[in-house]
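Everything quoted here is computed from the prediction, not taken from an experiment. Remember, it's 1-based here, ligands and their atoms both numbered in the order they're listed.
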Amino acid sequence: MENYAMHINGNWVGEELDTLSVINPANNETVGTVPIGGEAEANKAIEAAHHAFGAWSKLTAYERSAYLERLHDLMLENQEELAQIMTLEMGKPIHESRGEVNYAASFIKWFAEEGKRIYGETIPAHVKGKRLQVWRKPVGVVAAITPWNFPAAMLTRKMGPALAAGCTVIMKPSSESPITAVKLMELCEEAGFPKGVVNLVTGSSSKIAKALMEDNRVRKITFTGSTEVGKILIRQSADQVKRLSLELGGHAPLIVLDDADIDTAVAGAIASKFRNAGQTCICANRVYVQSGVYEEFLEKFSKKVEKLTVGNGLDESVDIGPLINQAGLEKVTRHVDEAVAKGASVVTGGKSITDQGGVFYSPTVIGDVDPSMVIMQEETFGPVAPVQKVETEAEAIAFANDTPYGLAAYVFTESVARGMQVIEQLDYGIVGWNDGAPSAAQVPFGGMKESGIGREGGREGIEEFLESQYVSIGMK
Ligand code: NAP
């Protein structure tokens, strides 16, 4: 077990502080510790990032890109070490962790390129003797607060565009999975980023966030996590009108229409629902199947789910790792038990598994669900697929939209016209059409309604870290 440190202004610090233990949810063993930083450490990081901003923002886009390219290459060279630590600290199967390292690195690569395409504008003037221009500038010091479920990718999806745009960054990872962030920080150091350009603070989220919110040198908060915490940050950011990007919770519907290719729908539902033990923001959380194909879908789907193997993610053959912690397990259990008490039937699974010392839940399919059940109203964050029978396409759309969330939705139909008509009516920022895995670095990722504000990835991703400065030039 190792005691890790924070990184502020080019130095590894925090050895004198109390520590928090990072627990492997597969066996309850301590993986390592990180310092419990608070306001003082956040303030030092703000000072460092503010100081570094001047020189970093004045580099050319090509110079900043070279640092990011080095970081990208180092991430791939160290893929296995990053993947192992990720699986140890938050449980995802090792093949998924390797995939996440590639995915995380792809954001660094994409924004290393995209930084070279931050164009201003020249706008035709309405009178003679004027030149109207729009210049682009980095917003300034950025604080990135991230969740545990994608310990690397959620950071790089923020760091990549922020650094490419000319901002400096303070990373605040989740206390459940901060060691991956420490490893990423080591790679930033190896890539040679100047001191203070990237900083890492671990510890008390509320104390760190307080310091970030109260210091007007922090101009942007980029957050991924629960809608509940997102709302706290919206309120706290009001006093200084700080810019916010929020990637929040989801409650994704997956719709299977009666002309769907059922094998494609089953494969898509497995990919969407059971990745990361159902702990992704875009996981299908509720499945609506048209009555004509309901029985066929349920049978084929549950047969595949039964074959998913559960265990310690370090085992190469495991498909489903543990949940993140006891609270996660209790939430999943509560959702299933409440549905069953109201008349849902367990087709497969439906049990917690705690005899291995970790917090596991069996891959589960439940049928006969209805909209009154909590599982159809809230994000479950576990390997459970509730399947509801619907009669019409209109009914499926109405159920899908009947939620405050609007992150991802999935539609399975072989008809192009039908697919387009359904998707036009879905209030979701991301739609997978005959596709259960829509994420990629080059596309805009983000939600409507209470699932967030702003987009990450794609062309839009870098806009979140830029200001437009309109300049009106008087000229003969
Ligand atoms: P969370 O509890 O909201 O925590 C997210 C981050 O916020 C962590 O770093 C946490 O730090 C910090 N935090 C907690 N309370 C805070 C406060 N009062 N002020 C400032 N920061 C605070 O979410 P989570 O359980 O880690 O992640 C799961 C959630 O993230 C799900 O709802 C999921 O849908 C969402 N998510 C969304 C996306 C997306 O792209 N839309 C992607 C992934 C996950 P500590 O751990 O130190 O408390």
Peer 1: Not counting sequence neighbours, list each pair that qualifies as a ring-ring contact (aromatic ring centres under 6.0 Å, His included) and has a residue in residues 142-170.
Peer 2: Trp148-Phe381
Peer 1: Run the side chain to side chain contact (heavy atoms under 4.5 Å, CB included) test against Pro371 and tell me which residues pass, sequence neighbours left out.
Peer 2: Gln388, Phe399
Peer 1: Does any donor atom in the side chain of Thr309 or Asp319 lie under 3.5 Å from an acceptor atom in the other side chain?
Peer 2: yes
Peer 1: Just by distance, with hydrogens left out, do Asn325 and Glu176 show a side-chain donor and acceptor under 3.5 Å apart?
Peer 2: yes
Peer 1: Filter on side chain to side chain donor-acceptor pair (under 3.5 Å), then keep only pairs touching residues 87-96, sequence neighbours left out; what's left?
Peer 2: Thr87-Ser97, Glu89-Thr180, Lys92-Glu100
Peer 1: When you check the side-chain N and O atoms of Lys220 and Ser245, is any donor under 3.5 Å from an acceptor?
Peer 2: yes
Peer 1: Might you list the protein residues in contact with ligand 1, defined as having a heavy atom under 4.0 Å from one of its atoms, sorted by chain and number?
Peer 2: Ile145, Thr146, Pro147, Trp148, Asn149, Met154, Arg157, Lys172, Pro173, Ser174, Ser175, Gly203, Ser205, Ala209, Phe223, Thr224, Gly225, Ser226, Val229, Leu233, Glu247, Leu248, Gly249, Gly250, Cys281, Glu379, Phe381, Leu407, Phe445
